[in-house]
Number of protein chains: 2
Amino acid sequence: MTRSDAVEANNYIPKVPEHIECSIEKTLEVIGGKWSFLVLRELFEGTKRFGELQRQIRTISPKSLSDTLRHLEASGILERHAYPTVPVTVEYTLTPKGQDLHQILHDMKLWAAKWT
Amino acid sequence: MTRSDAVEANNYIPKVPEHIECSIEKTLEVIGGKWSFLVLRELFEGTKRFGELQRQIRTISPKSLSDTLRHLEASGILERHAYPTVPVTVEYTLTPKGQDLHQILHDMKLWAAKWT
DNA sequence: CAGTATCCCTCCAGATACTG
DNA sequence: CAGTATCTGGAGGGATACTG
């Protein structure tokens, strides 16, 4: 399966009930995935490469990381840039849309600190 | 299985990677469940009963609603009050901890409105 | 009314091995 | 390096029927 096929297939989108319209759902489709918020947290620090992310999110498998990155890319949260070096270099960078999630994630951190 | 057994079993807690400490995870364990945010949205409007929630979240099964309510109760997000009427009356009400999620959910709605 | 008890099945996510 | 291919188990969650 190629990258574009996988995006077409639209897999790895967190399950959210259908037939119910609530825009909160749109946001949860982005940050509600099992690994999404960890990838976002890393990328808030700046552009990173695949291996870097894999090292910093130690328990993630390459498959899950790949799936998560593709999902976030398809959602317009991050951009993937490949450079034709040998071996290939790939960098992931948040888009403005992705950076705009920072406040929400931060507030979630504050809530947790206050109540747990 | 009794209610307390189920809470012991700790099922229906959204899967979040273990071994990784990030307080954002704590918040997602509360609002990240498939149905959680819809139940929260209803209860922000005020105290509601089981049947009321079931009617307003039309596609939820009684099992999923029950599981979600128990999970939220165990997390201190809502309180369950049963009145010995015939037939029994049960009401669900947000705690202050639960109400404090309102801003986050609201910001998620704003983000979605802005970017999707 | 407000759930519980079962059955069942999908599909996610981990492990592993492999490659341009 | 940066992924993809494949297999698999287990659990989440739906449907349904039943009950204090």
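In what follows, chains carry the letters A, B, and so on, assigned in the order in which the sequence lines appear, proteins first and then strands, with residues in each chain numbered from 1. Just so we're clear, the structure is a prediction, and the values are computed from it rather than from any experiment.
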| message | Checking A/K63 now: which residues fulfil side-chain contact (heavy atoms from CB on, under 4.5 Å) with it, not counting sequence neighbours? | response | A/S61, A/D67
| B/D67 CG - C/dT4 P separation (whole Å) | 8 Å
| Looking at CG of A/L72 and CH2 of A/W35, how far apart are the two atoms once the value is rounded to the nearest 0.5 Å? | 13.5 Å
| By side chain to side chain donor-acceptor pair (under 3.5 Å) - contacts of B/W111 (at least two apart) | none
| task | Grab the NZ-P distance between A/K48 and D/dC1 for me, whole Å please. | result | 17 Å
| Hey, is the side chain of B/R70 poking within less than 4.0 Å of OP1 or OP2 on C/dG3, counting only N and O atoms? | no
| query | Which pair of heavy atoms, one from A/L43 and one from A/Y92, lies closest together, and at what distance? | reply | CD2-O, 3.6 Å
Close N/O contacts between protein and nucleotides 14-17 of chain D (under 3.5 Å):
{"unit_1": "D/dG14", "atom_1": "OP1", "unit_2": "B/K34", "atom_2": "NZ", "d": "2.9"}
{"unit_1": "D/dG14", "atom_1": "OP2", "unit_2": "B/W35", "atom_2": "NE1", "d": "3.4"}
{"unit_1": "D/dG14", "atom_1": "OP2", "unit_2": "B/S64", "atom_2": "OG", "d": "2.5"}

| Length of the CG-P vector between A/L65 and C/dA13, whole Å | 13 Å
| Please give, in whole Å, the distance from C/dG3 P to B/H71 NE2? | 17 Å
| task | Return yes when atom NZ of A/K97 has more than 12 non-hydrogen atoms of other residues, nucleotides or ligands closer than 6.0 Å, and no otherwise. | result | yes
| In Å, rounded to the nearest 0.5 Å, how long is the span from SG of A/C22 to CD of A/E25? | 7.0 Å
| task | Nearest whole angstrom, please: distance from the P of C/dA13 to the CG of A/L38. | result | 13 Å
| field | Identified side-chain contact (heavy atoms from CB on, under 4.5 Å) counterpart of A/I31 within the set A/L40, A/V39, A/I77 | value | A/L40
| query | What bend angle does the helix from C/dC1-D/dG20 to C/dG20-D/dC1 show across its length, from five-pair end axes and to the nearest 10 degrees? | reply | 60°
| query | Phosphate oxygens OP1/OP2 of C/dA2: is one of them under 4.0 Å from a side-chain N or O of B/R49? | reply | yes
| request: Starting at atom CD of B/Q54, determine the distance to atom P of C/dT4, rounded to an integer number of angstrom. | output: 12 Å
| field | Proximal nucleotide (of D/dA2, D/dG20, C/dG3) relative to the B/V90 side chain | value | C/dG3
| Atom CD of B/E91 to atom P of C/dG3: distance rounded to whole Å? | 11 Å
| Within the pair B/Y92 and C/dG3, is there a side-chain N or O less than 4.0 Å away from OP1 or OP2? | yes
| request: Ignoring backbone atoms, establish whether A/T89 has a side-chain N or O less than 4.0 Å from OP1 or OP2 of D/dC1. | output: no
| request: Please name all residues satisfying salt bridge (charged side-chain N to carboxylate O under 4.0 Å, His left out) with A/K48, sequence neighbours left out, ordered by chain then number. | output: A/E42, A/E45
| request: Output yes when at least one side-chain N/O atom of B/R80 is less than 4.0 Å from OP1 or OP2 of C/dG3, else no. | output: yes
| Sequence-distant partners of A/R49, side-chain contact (heavy atoms from CB on, under 4.5 Å), two or more places apart | A/E52, A/T89, A/E91
| remark: Separation of D/dA2 atom P from A/F50 atom CZ, nearest Å, is 8 Å
